[in-house]
K.L.:
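Got a structure for you, questions after.
Note on naming: letters A, B, ... go to the chains in the order of the sequence lines (proteins, then strands), and numbering restarts at 1 for each one.
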Amino acid sequence: MSKFYVTTPIYYVNDVPHLGHAYTTIAADVIARYKRLKGYEVFFLTGTDEHGQKIEKAAKAKGISPKELADSVVVNFKKLWERFNISYDHFIRTTDDYHERVVQEIFQRLYEKGDIYLGEYEGWYCTPCESFWSKSQLIEGKCCPDCGRPVERLKEKSYFFRLSTYQDKLLKFYEDNPDFVMPEFRMNEVKAFVKQGLEDISISRTTFRWGIPVPFDNEHVIYVWFDALFNYVSGIGYSTDQEKFEKFWPADLHIIGKDILRFHAIYWPAFLMAAGVEPPKRVFAHGWWTVEGRKMSKSLRNVVDPNRLIDAYGADAVRYFLMREVPFGLDGDFSHKALAHRINGDLANDLGNLLYRVLTMTIKYSDGVVPEPTEDRDRELENLCKKMIEDVDRYLDKQAFNRALESIWEVIRAANKYVDVKAPWSLYKENKREELGNVLYNLLETLRLVAVLLYPFMPVKMDEMLSQLGVESTPTVKDVAWGVLVPGTKVKKGKPLFPKLDEEEIAKKIEKEVKEAEKEEEKVEEISIEYFSKLKIVVAKVLEAERVPKTDRLIKLVLDVGSEKRTVVAGIGAWYEPQDLVGKKVLYLYNLKPRKLRGVLSQGMILAASKDDKLYLPEFPENTPVGAQVR
RNA sequence: GGCGGCGUAGCUCAGGUGGUAGAGCAGGCGUCUCAUAAGCGCCGGGUCGGGGGUUCGAAUCCCUCCGCCGCCA
């Protein structure tokens with residue numbers, strides 16, 4: 001029996017589950033259920049990532065232990081997955097003892113092997129900021145990019161993974177496995193990144209305690225990615241249940257969001273190569289959802305809270321929408337209107353109504369029993385169904401969920417048309433019983449196959465649909481074929497599978513909510529006069545101006561701010577030419593933290609008004625003195 | 001700035017080894033009655049972003065410009 005091992009990322013427990021988590025997990029569930037349907041032995045792993053400074057801090061703020069915090073958040077995930085009918089085989093937590101042991105064991109082994117070494121950041125520490133910086137981050141090679149103050153050459157110890165030595169091996173691996181990363185354009189990005197050269201990466205920390213300790217060095221805890229990524233092997237028994245591990249590894253599919261691609265496509269195979277373990281077969285990076293046409297924000301999250309969506313539309317309809325609306329791998333927009341439209345159009349009208357009308361006819365014209373087809377019946381729907389079975393398989397092997405669903409809907413449309421063309425009511429009146437029986441059989445069997453192939457997408461609804469067709473067993477591989485429906489089976493027509501929704505009403509309601517959410521976002525915090533007085537804004541005169549090389553927008557300005565000269569990089573190059581700025585008086589925020597832009601230290605910023613992509617620099621009376629402060 | 005991609009019907013997008021464009025949705029008209037005011041049929045002349053080139057012929061190849069987007073810096 002073939003195996004299939006699919007994973008989601010482990011989700012960080014500093015957050016309640018949101019639409020993005022649901023999306024990834026549903027996609028993995030559809031694949032898992034589909035592969036099971038096709039007879040594979042499937043292992044589906046999901047879980048939570050629970051270590052790190054953020055959790056340590058959040059727990060401290062709440063006065064509980066990090067583990068207690070994690071425990072409480074994990075419940076939210078598990079509950080949501082239950083509501084979405086997520087069929088994971090194991091839920092791993094990075095605080096599970098077997099996981100911690102595996103991570104320590106591998107860490108130890110790579111250390112002994114020389115792939116992990118104790119290194120030091122060679123200096124460039126900013127004491128006030130308590131931060132280390134790499135050489136390339138420093139301003140003019142010597143100042144902290146955060147505060148602009150000089151950094152010290154300090155040494156902090158950290159364990160490093162020798163990623164640099166895996167550059168060629170990774171590139172070779174990508175060459176040999178061109179669809180290791182999907183979609184294809186992401187593979188190109190990964191290759192380009194690796195070709196630029198890889199630096200060794202720090203994989204331990206001494207600045208917090210909430211993590212897996214480095215086994216031979218108590219001062220260090222293992223940093224997040226080394227800890228988290230290995231869940232994919234510890235979760236299936238690496239070094240604890242070797243038989244299971246060998247059965248399922250390598251993973252067939254890691255489904256992730258595009259933000260964590262680098263870790264999965266570069267670090268992860270390198271870690272595994274170091275550990276002498278085969279890399280996974282595929283990493284699929286999916287896109288993000290916007291909400292009602294807007295970028296996801298805190299207050300908009302309520303609008304698409306997964307639990308709320310389930311309450312309003314049902315888990316299966318949401319699952320269907322997420323898989324159908326947007327090609328997996330691309331970004332998309334989630335709107336209640338679009339969701340309701342899909343439910344009404346695809347699920348209620350096309351599919352639900354087809355089931356309903358065919359069952360009615362079966363009852364009216366065939367005593368509610370699946371008729372016996374004859375050998376000389378037409379094969380129109382049968383052939384389409386056979387093609388559908390192949391198409392769905394091909395598309396789902398590429399994680400093209402939307403395509404798979406489209407090909408199922410082609411058959412649903414064809415079946416609706418078939419009803420019209422064959423007009424069973426006429427056959428009935430004309431007493432053409434044999435043909436009528438064939439037509440009904442073709443339709444019922446088509447519906448059964450459609451339900452079987454849709455089962456991975458909408459398990460509860462399709463279970464109900466099959467039951468209405470008189471099929472009570474959970475579909476398995478033998479059901480993915482034409483001709484399985486047994487003549488004589490009694491159908492059990494029920495209520496419409498997908499009730500229709502009032503799209504207008506939903507649109508109105510959500511529109512209102514979005515407006516409120518936007519108001520919430522725009523809420524401007526009131527500040528005190530004391531707060532304002534912290535800002536030192538002065539009138540400055542532009543002494544010199546030149547474009548920052550190789551940029552369109554950035555202009556480097558040298559300002560006379562009254563007491564001294566200051567250099568500022570301003571993003572106004574799209575609206576002003578450098579020569580027009582020289583001699584101008586501008587508003588200047590004096591005490592903004594300096595930061596480096598394109599290698600130039602920008603001390604403070606100049607102020608301008610902007611609206612609708614236009615920029616307006618303030619003007620001053622002729623006699624305004626340079627250095628005059630705005631109060 | 002470097003690398004990659006995109007710009008096709010009102011909307012979302014297919015197509016693209018060169019031979020005068022397709023789907024779904026929306027809209028209009030018509031129609032059957034088994035059905036959840038569902039279904040089915042008909043209606044799409046859109047300079048395939050602009051310009052130039054290769055070719056008998058380009059949405060499809062090449063160059064260039066414009067506008068978006070991704071990765072990197």
Side-chain angles (χ1 to χ4, degrees), chain A residues 134 136-137 181 183-199 258-262 265-266 285-288 290 293 324-327 329-335 337-366 368 395 400 402-403 405-410 412-429 436 439-440 443-444 447 468 491 493-503 507 547-554 573-574 596-600 613:
Chain A
S134 72
S136 61
Q137 287 174 306
V181 170
E184 201 182 344
F185 67 92
R186 298 285 176 204
M187 182 78 262
N188 294 335
E189 290 175 4
V190 168
K191 276 189 205 165
F193 185 87
V194 174
K195 276 181 190 157
Q196 286 180 89
L198 297 172
E199 288 180 8
K258 62 184 182 180
D259 55 325
I260 52 176
L261 177 60
R262 192 188 297 176
I266 300 172
H286 71 236
W288 289 145
T290 51
R324 173 64 186 81
E325 185 71 359
V326 172
L330 300 186
D331 292 348
D333 183 54
F334 188 105
S335 77
K337 197 178 169 187
L339 171 55
H341 193 59
R342 286 262 173 230
I343 291 172
N344 282 349
D346 300 355
L347 299 180
N349 292 350
D350 292 348
L351 175 60
N353 184 238
L354 175 66
L355 173 70
Y356 198 78
R357 66 198 296 213
V358 169
L359 289 179
T360 303
M361 288 186 279
T362 305
I363 291 163
K364 276 194 174 176
Y365 309 141
S366 182
Y395 286 133
N402 65 323
R403 295 286 193 159
L405 289 168
E406 278 170 26
S407 57
I408 295 172
W409 253 258
E410 275 175 34
I412 292 170
R413 286 202 195 89
N416 267 318
K417 183 169 178 176
Y418 185 83
V419 173
D420 268 49
V421 171
K422 297 292 179 184
W425 48 93
S426 302
L427 296 174
Y428 183 73
K429 278 180 200 152
L436 176 59
V439 166
L440 287 179
L443 284 166
L444 289 162
L447 281 167
Q468 291 199 22
V491 302
K493 184 181 167 193
K495 290 216 165 84
L497 202 57
F498 296 98
K500 292 197 76 166
L501 304 170
D502 187 335
E503 293 182 45
R547 279 190 190 276
V548 178
K550 295 180 180 178
T551 65
D552 301 327
R553 302 203 127 198
L554 298 185
K596 193 170 127 180
L597 291 166
R598 296 282 174 149
V600 182
D613 206 38

K.L.:
When the P atoms of C34(B) and C29(B) are considered, how many whole Å apart are they?
P.N.:
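Nearest-Å result for C34(B) against C29(B) at atom P: 26 Å.
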K.L.:
Can you tell me how far P in A26(B) sits from the matching atom in A21(B), rounded to whole Å?
P.N.:
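Rounded to whole Å, the distance is 26 Å.
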K.L.:
If the C1' atom of C48(B) is compared with that of U20(B), how far apart are they to the nearest Å?
P.N.:
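To the nearest whole Å, 12 Å.
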K.L.:
Please measure how far the C1' atom in C69(B) lies from the corresponding atom in G52(B), and state the result in whole Å.
P.N.:
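About 26 Å, rounded to a whole number of Å.
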K.L.:
Between atom CG of Leu447(A) and atom CG of Leu355(A), what is the distance when rounded to the nearest 0.5 Å?
P.N.:
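These two atoms lie 5.5 Å from each other.
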K.L.:
Among all residues two or more places apart in sequence or in another chain, which pass the salt bridge (charged side-chain N to carboxylate O under 4.0 Å, His left out) test with Asp259(A)?
P.N.:
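Salt bridge (charged side-chain N to carboxylate O under 4.0 Å, His left out) list for Asp259(A), sorted by chain: empty.
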K.L.:
Roughly how many Å apart are G49(B) and G7(B), using the C1' atom of each and rounding to a whole number?
P.N.:
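Those two atoms are separated by 6 Å.
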K.L.:
Asn188(A) has a side chain; which of G4(B), U36(B), G70(B) sits nearest to it?
P.N.:
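Of all the options, the side chain of Asn188(A) is nearest to G4(B).
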K.L.:
Rounded to the nearest angstrom, tell me the gap between atom CZ in Arg357(A) and atom C1' in A35(B).
P.N.:
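Rounded to whole Å, this separation is 6 Å.
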K.L.:
Can you tell me which residue pairs pass the salt bridge (Lys or Arg N to Asp or Glu O under 4.0 Å) test with a partner in residues 185-197 of chain A, sequence neighbours excluded?
P.N.:
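Passing the test, one end in residues 185-197 of chain A: Glu175(A)-Lys191(A), Arg186(A)-Glu189(A).
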K.L.:
According to side chain to side chain contact (heavy atoms under 4.5 Å, CB included), who are the partners of Arg342(A), at least two apart in sequence or on a separate chain?
P.N.:
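Testing Arg342(A) for side chain to side chain contact (heavy atoms under 4.5 Å, CB included), a comparison that skips the adjacent residues, returns Tyr320(A), Phe321(A), Arg324(A), Glu325(A), Asp346(A).
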K.L.:
More 5' along RNA chain B: Asn353(A) or Ala423(A), using each one's nearest nucleotide?
P.N.:
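Nearest-nucleotide comparison on RNA chain B picks Ala423(A).
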K.L.:
Identify whether any heavy atom of Leu261(A) sits under 4.0 Å from a base atom; if not, whether one sits that close to sugar-phosphate; answer base, sugar-phosphate or nothing.
P.N.:
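Leu261(A): no heavy atom of the nucleic acid under 4.0 Å.
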K.L.:
Please work out if Lys495(A) contacts a base, only the sugar-phosphate, or nothing of the nucleic acid, heavy-atom cut-off 4.0 Å.
P.N.:
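Counting heavy atoms under 4.0 Å across all strands, no contact is made by Lys495(A).
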K.L.:
Could you check which of A14(B), U33(B), G41(B) has an atom nearest any side-chain atom of Lys417(A)?
P.N.:
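Closest nucleotide among those given: G41(B).
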K.L.:
Over all strands shown, is Gln196(A) touching base, sugar-phosphate only, or nothing at heavy-atom distances under 4.0 angstrom?
P.N.:
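Here Gln196(A) touches the backbone only, sparing every base.
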K.L.:
Taking only nitrogen or oxygen atoms into account, show me every contact under 3.5 Å that the protein makes with nucleotides 21-25 of chain B, one pair per line with its distance.
P.N.:
from, atom 1, to, atom 2, distance (Å)
C25(B), O3', His341(A), NE2, 3.1
C25(B), O2', His341(A), NE2, 3.3

K.L.:
Would one find a side-chain N or O of Lys258(A) under 4.0 angstrom from OP1 or OP2 of G70(B)?
P.N.:
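Lys258(A) to G70(B) OP1/OP2: no side-chain N or O under 4.0 Å.
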K.L.:
Could you walk me through whether Leu354(A) and Val419(A) satisfy the side-chain contact (heavy atoms from CB on, under 4.5 Å) test, starting with their C-alpha distance in whole Å, then the side-chain angles of each, then the deciding distance to 0.1 Å, before giving a yes or no?
P.N.:
CA-CA 9 Å; Leu354(A) 175 66; Val419(A) 173; 4.2 Å; yes
K.L.:
Whole angstroms only, please: what is the CG-P distance between Asn416(A) and U36(B)?
P.N.:
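To the nearest whole Å, that distance equals 13 Å.
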K.L.:
Run through RNA chain B and report every stem of 3 or more consecutive Watson-Crick or G-U pairs, distances under 3.5 Å, ordered by first number.
P.N.:
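Result, WC/G-U stems under 3.5 Å: B:1-7 with B:66-72, B:10-13 with B:22-25, B:27-31 with B:39-43, B:49-53 with B:61-65.
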K.L.:
In whole angstrom, give the distance that lies between atom CH2 of Trp425(A) and atom C1' of U31(B).
P.N.:
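Spelled out: CH2 on Trp425(A) to C1' on U31(B) is 12 Å.
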K.L.:
Which heavy atom of Leu440(A) sits nearest to which heavy atom of Ser366(A), and what is that distance?
P.N.:
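Distance-wise, the nearest heavy atoms are CD1-CB, 4.0 Å.
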K.L.:
Say whether, by atom type as modelled, one donor and one acceptor occur between the side chain of Asp350(A) and the main chain of Arg413(A) under 3.5 angstrom.
P.N.:
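Not at all, since once roles are kept as given, no pair shorter than 3.5 Å links the two residues.
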K.L.:
Look at the side chain of Glu189(A) and decide which nucleotide, out of G70(B), G4(B), A35(B), has an atom nearest to it.
P.N.:
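Looking only at side-chain atoms, Glu189(A) lies closest to G70(B).
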K.L.:
For Ile260(A) and C71(B), what is the distance between atoms CD1 and C1' respectively, to the nearest whole Å?
P.N.:
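Interatomic distance, CD1 of Ile260(A) to C1' of C71(B): 17 Å.
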K.L.:
Out of curiosity, Leu339(A) CG to Leu347(A) CG, how far, rounded to the nearest 0.5 Å?
P.N.:
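One gets 9.0 Å once the value is rounded to the nearest 0.5 Å.
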K.L.:
Between C25(B) and G67(B), how far apart are the P atoms? Round to whole Å, please.
P.N.:
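After rounding to an integer number of Å, I get 36 Å for this pair.
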K.L.:
If I pick the C1' atom on A38(B) and the same atom on U31(B), what distance separates them, to the nearest angstrom?
P.N.:
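After rounding to an integer number of Å, I get 14 Å for this pair.
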K.L.:
Base, sugar-phosphate or nothing for Phe193(A)? Non-hydrogen atoms, less than 4.0 Å.
P.N.:
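It contacts sugar-phosphate atoms only.
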K.L.:
Among G70(B), U33(B), A14(B), which nucleotide has an atom closest to any side-chain atom of Arg403(A)?
P.N.:
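Side chain of Arg403(A) sits closest to A14(B).
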K.L.:
Rounded to the nearest 0.5 Å, what separates atom CZ in Phe185(A) from atom CG in Leu330(A)?
P.N.:
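Going from the CZ atom of Phe185(A) to the CG atom of Leu330(A) covers 6.0 Å.
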K.L.:
In a table with atom names and distances, give each donor-acceptor pair under 3.5 Å that connects a side chain of residues 493-501 of chain A to protein atoms at least two apart or in another chain.
P.N.:
from, atom 1, to, atom 2, distance (Å)
Lys493(A), NZ, Thr360(A), OG1, 2.9
Lys500(A), NZ, Asn349(A), OD1, 2.9

K.L.:
Between G45(B) and A9(B), how far apart are the C1' atoms? Round to whole Å, please.
P.N.:
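Roughly 10 Å separates the two C1' atoms.
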K.L.:
By nearest heavy atom, map Arg262(A) and Val419(A) onto RNA chain B; which one lands nearer the 5' end?
P.N.:
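Upstream on the strand: Val419(A).
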K.L.:
Under a 3.5 Å distance rule, please check whether Thr290(A) uses its side chain to pair with a backbone N or O of Phe334(A) as donor and acceptor.
P.N.:
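Flag not set: sc Thr290(A) to bb Phe334(A) has no pair under 3.5 Å.
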K.L.:
Can you tell me the distance, in whole Å, between the CD atom of Glu325(A) and the P atom of C13(B)?
P.N.:
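My rounded result for the distance is 10 Å.
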K.L.:
Could you tell me the separation between the CG atom of Asn344(A) and the P atom of U36(B), rounded to a whole number of Å?
P.N.:
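The answer, rounded to whole Å, is 15 Å.
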K.L.:
Is Tyr365(A) touching bases, backbone alone, or none of the nucleic acid, heavy atoms closer than 4.0 Å?
P.N.:
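Sugar-phosphate, no base atom in range.
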K.L.:
Working to the nearest 0.5 Å, report the span between CG of Leu405(A) and OH of Tyr395(A).
P.N.:
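Atom-to-atom, Leu405(A):CG and Tyr395(A):OH are 12.0 Å apart.
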K.L.:
For the pair made of CD in Glu199(A) and C1' in C72(B), what is the distance, rounded to whole Å?
P.N.:
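In whole Å, C72(B) C1' lies 14 Å from Glu199(A) CD.
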K.L.:
Tell me which nucleotide among C72(B), G39(B), U36(B) gets nearest to the side chain of Asp420(A).
P.N.:
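From the listed options, G39(B) comes nearest.
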K.L.:
Nearest-Å distance, OH (Tyr395(A)) to P (A14(B))?
P.N.:
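Taking atom P of A14(B) as the reference, OH of Tyr395(A) is at 12 Å.
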